[in-house]
Amino acid sequence: MSGNKTFTIIKPTAVKNGYTGNILAIISEAGFKIVALKLVRLPFKGAEEFYKVHKDKPFYKDLCIFMSSGPIVAAILEKENAIEEYRKLIGATNPEKAKEGTIRKMFATSMQQNAVHGSDSDENAIIESNFFFSGIEMV
Ligand code: ADP
Ligand code: MG
């Protein structure tokens, strides 16, 4: 059975460009309930830890530099079938391939700076949520 929670990050460029409010509004209008939310800046080591599944990829180091380059907004979102529903809402990793109306289509500036992160499994949603939030920060 699929779970009802996913984890997201609004990435540095999208925060810097002032899209946080718009993106959170789209998320809410799509029926997700925000159950945890914070503005933080990841240290480089934190970005390395968060993206460690990609450590052997050619884009890993630049991605970690980018993700630690400025404030990000982290959130836990609740909706039935959250992982799949949120991946649909954000669109393809490559914004050129993302469908019209998706968050990445609207707000991404490149493959690396693709506006938002979305968990890819229930297991990773829990790991990622626990990486950013303590128990009392999750309502
Ligand atoms: P997603 O975020 O859609 O789950 P991945 O988990 O494959 O995608 O990749 C994690 C992040 O790494 C992407 O969101 C993007 O920021 C970056 N990334 C992935 N592939 C590339 C690439 N070929 N070039 C540059 N950055 C990439
Ligand atoms: Mg991924």
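Atoms within each ligand, like the ligands themselves, are counted from 1 in listed order.
- The shortest separation from a heavy atom of H117 to ligand 1 is not under 4.0 Å, leaving the residue out of contact.
- Between F132 and F50, the ring centre distance stays below 6.0 Å.
- Taking atom 17 (C) of ligand 1 as the reference point, the nearest protein heavy-atom neighbour is L63 CD1, 3.8 Å.
- Taking a 4.0 Å cut-off on heavy atoms, K57 fails to register as neighbouring ligand 1.
- No side-chain heavy atom of L77 sits less than 4.5 Å from a side-chain heavy atom of K5.
- Every N/O-N/O distance between Q113 and ligand 1 stays at or above 3.5 Å.
- Taking any N or O of T93, backbone or side chain, at least one lies under 3.5 Å from an N or O belonging to ligand 1.
- Put simply, I34 and F32 are part of the same group of oily side chains (I, L, V, M, F, W, Y) that touch within less than 4.5 Å, one to the next.
- Not a single heavy atom of D120 sits closer than 4.0 Å to an atom of ligand 1.
- The shortest separation from a heavy atom of R87 to ligand 1 is under 4.0 Å, placing the residue in contact.
- Checked by atom type and distance alone, the side chain of N124 never pairs as donor or acceptor with a backbone atom of S119 at under 3.5 Å.
- Ion pair E85/K88 flagged as a salt bridge, since at least one NZ, NE, NH1 or NH2 atom sits closer than 4.0 Å to an Asp/Glu carboxylate oxygen.
- Closest approach of A74 to F133, counting heavy atoms only: O-CZ, 3.4 Å.
- Considering F59, Y60, F66 only, the shortest heavy-atom separation from atom 27 (C) of ligand 1 involves F59.
- Considering only non-hydrogen atoms, atom 24 (N) of ligand 1 lies nearest to M111 out of H54, M111, K11, M67.
- With a 6.0 Å cutoff to the six-membered ring centre and a 45° limit on the axis angle, K55 does not count as a cation-pi contact of Y60.
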Output side-chain donor-acceptor pairs under 3.5 Å for residues 8-25, partner residues at least two apart or in another chain, one line each.
residue, atom, partner, partner atom, Å
T8, OG1, Y86, OH, 2.7
T8, OG1, H117, O, 2.6
K11, NZ, N114, OD1, 2.7
T13, OG1, Q113, OE1, 2.7
N17, ND2, T13, O, 3.3

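- The single protein non-hydrogen atom nearest to atom 2 (O) of ligand 1 is R104 NH2, 3.0 Å, given as residue, atom name and distance.
- Close approach to N114 involves these atoms of ligand 1, each under 4.0 Å from a residue heavy atom: 13 (C), 14 (O), 15 (C), 16 (O).
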